[in-house]
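Input: a single structure, listed below in structure tokens.
A quick note: this is a predicted structure, and the numbers were derived from the prediction, not measured.
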Amino acid sequence: MEKKKWIDISQPLTNEMAVWPGDTPFSFQLSYTKEQTGSVNIGQITTSVHSGTHIDAPFHFDHEGKKVHELDIDLYIGTARVIDVTGYESVGRAELEPFGIEGVPRLLLRTMTDRDLTVFPEKYTVLREDVGPYLKEKGVRLLGIDTPSVDPVDSKKMLAHHSLHENDVFILENIVLEKVEPGNYELIALPLAIEGADGSPVRAVIRPI
Ligand SMILES: Nc1ccccc1C(=O)C[C@H](N)C(=O)O
Ligand SMILES: [Zn+2]
Ligand SMILES: [Zn+2]
């Protein structure tokens, strides 16, 4: 049987998209038009590396942590499980246990079903500090979530980020899972090769297996 189609789980990068409060907005514009160059249109982008669907490098929250160009690309390609945890204020070991995620290398959490991408969400599901040890125990290496962060918007301690990092679990944020059924998929969500960066936008896609 022919393989199923790839599903785009990335936020479109638009000049209207909401980004983290106070952070650099995303903007695309033509810096040179075909009339100006006599040959081609040339675009430019300005953005925080945390705009839209992106990965965090550990350097984002740890001076000693790996930067984007040092990340293992195998983390971002391979099998993944989507589970539905909508309706929780926070998610930790207790909420994940019923799903039986033993041996799942990449776990994608659906926490919401209707998100307006032009407005920064007032409230979103966050992860608790016991999540890192639990995911490590189960063999999870990448945690993806459909929220702007695994920690609350006003967090300074970044407890969920550190809990994941201390347990070698890498972070993918702002994926779009509204129309995605829970189940097993292949995932590709490769960061750009940005030297020295603390994060990178990704084009994240999944295909049922
Ligand atoms: N831009 C920021 C400015 C200040 C504090 C956090 C951010 C974040 O982007 C958080 C991010 N999305 C994260 O959880 O990794
Ligand atoms: Zn981030
Ligand atoms: Zn983050």
Side-chain angles (χ1 to χ4, degrees), residues 4-14 17-20 50-56 75-132 134-153 155 159-161 163-164 167 169-191 199 201-209:
K4 296 244 175 72
K5 279 200 154 205
W6 288 99
I7 304 164
D8 194 351
I9 57 162
S10 328
Q11 292 187 13
L13 295 167
T14 74
M17 74 190 303
V19 298
W20 196 270
H50 299 267
S51 297
T53 309
H54 70 279
I55 58 94
D56 289 348
L75 286 166
Y76 306 102
I77 310 174
T79 57
R81 166 92 48 89
V82 175
I83 67 170
D84 189 304
V85 287
T86 51
Y88 293 113
E89 207 167 294
S90 70
V91 166
R93 173 185 285 267
E95 292 75 17
L96 294 176
E97 251 165 3
F99 289 97
I101 53 166
E102 191 71 50
V104 169
R106 299 170 193 81
L107 182 66
L108 307 180
L109 302 181
R110 181 166 79 170
T111 75
M112 51 180 143
T113 47
D114 49 1
R115 179 164 174 199
D116 177 354
L117 294 176
T118 66
V119 184
F120 190 84
E122 238 170 74
K123 265 190 75 61
Y124 56 84
T125 304
V126 298
L127 301 186
R128 291 197 305 277
E129 225 187 326
D130 65 359
V131 77
Y134 182 69
L135 293 181
K136 183 173 190 155
E137 203 178 295
K138 298 296 167 192
V140 175
R141 297 295 318 283
L142 181 74
L143 184 281
I145 195 162
D146 57 357
T147 66
S149 180
V150 293
D151 275 300
V153 66
S155 172
L159 294 175
H161 282 83
S163 167
L164 293 166
N167 290 284
V169 182
F170 289 76
I171 303 168
L172 166 65
E173 291 167 330
N174 268 336
I175 51 178
V176 180
L177 296 174
E178 285 178 15
K179 296 184 180 70
V180 172
E181 292 297 322
N184 293 323
Y185 294 87
E186 289 176 85
L187 166 78
I188 305 177
L190 286 170
V202 299
R203 184 73 179 261
V205 295
I206 58 175
R207 176 165 75 172
I209 46 175

Do [X] and [Y] come within less than 4.5 Å of each other through their side chains, counting heavy atoms only?
X    : Y    : answer
T111 : Y88  : no
L143 : L127 : yes
T53  : I9   : no
I145 : T125 : no

Apply side-chain hydrogen bond (donor to acceptor under 3.5 Å, both in side chains) to [X] and list each qualifying residue two or more places apart in sequence or on a separate chain.
X    : value
E89  : none
R106 : none
S155 : none
E137 : R93

What residues, two or more places apart in sequence or in another chain, satisfy side-chain contact (heavy atoms from CB on, under 4.5 Å) together with [X]?
X    : answer
M112 : R115, D146, T147
D114 : none
T14  : P12, E16, M17
P105 : T79

Roughly how far, to the nearest 0.5 Å, is the [atom2] atom of [Y] from the [atom1] atom of [X]?
X    : Y    : atom1 : atom2 : answer
D84  : R110 : CG    : CZ    : 4.0 Å
L107 : I83  : CG    : CD1   : 4.5 Å
L117 : L13  : CG    : CG    : 10.5 Å
E129 : L164 : CD    : CG    : 10.5 Å
L142 : I77  : CG    : CD1   : 11.5 Å
I175 : D8   : CD1   : CG    : 11.5 Å

Requested in this report: Taking salt bridge (charged side-chain N to carboxylate O under 4.0 Å, His left out) as the test, write out the residues that go with E95, two or more places apart.
Outcome: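 Here the qualifying residues are R128.
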Query raised in the report: Quick one: salt bridge (charged side-chain N to carboxylate O under 4.0 Å, His left out) partners of E122, sequence neighbours excluded?
Result: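 Here no residue qualifies.
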Nearest non-hydrogen partners of [X] and [Y], listed with the distance:
X    : Y    : result
L108 : I206 : CD1-CG2, 4.1 Å
S163 : G132 : OG-N, 3.0 Å
D116 : T118 : OD1-OG1, 2.7 Å

Query raised in the report: Are a donor atom and an acceptor atom from the side chains of H50 and N174 found within less than 3.5 Å of each other?
Result: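 No - no donor-acceptor pair under 3.5 Å links their side chains.
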Requested in this report: Output every pair passing salt bridge (charged side-chain N to carboxylate O under 4.0 Å, His left out) with a member in residues 178-189, not counting sequence neighbours, ordered by first then second residue.
Outcome: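 Checked against salt bridge (charged side-chain N to carboxylate O under 4.0 Å, His left out) - neighbours excluded - the pairs reaching residues 178-189 are E186-R207.
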Report task. Any chance you could lay out the side chain to side chain contact (heavy atoms under 4.5 Å, CB included) test for W6 and I188, step after step, and finish with the verdict? Result -> CA-CA 10 Å; W6 288 99; I188 305 177; 3.7 Å; yes
Report task. Sequence neighbours left out, what pairs pass ring-ring contact (aromatic ring centres under 6.0 Å, His included) with at least one residue falling in residues 100-130? Result ->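 For residues 100-130: W20-F120.
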Query raised in the report: Run the side chain to side chain contact (heavy atoms under 4.5 Å, CB included) check on Y185 and V82 step by step: do they pass?
Result: CA-CA 8 Å; Y185 294 87; V82 175; 3.6 Å; yes
Query raised in the report: What's the verdict on side chain to side chain donor-acceptor pair (under 3.5 Å) for S149 and D151, showing C-alpha distance, side-chain angles and the deciding distance?
Result: CA-CA 5 Å; S149 180; D151 275 300; 5.2 Å; no
Query raised in the report: Are the side chain of S10 and the backbone of A204 linked by a donor-acceptor contact shorter than 3.5 Å?
Result: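 Checked: pair present.
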Query raised in the report: Would V202 and Y76 count as a side chain to side chain contact (heavy atoms under 4.5 Å, CB included) if you check the C-alpha gap in whole Å, the side-chain angles of each, and the deciding distance to 0.1 Å?
Result: CA-CA 10 Å; V202 299; Y76 306 102; 5.9 Å; no
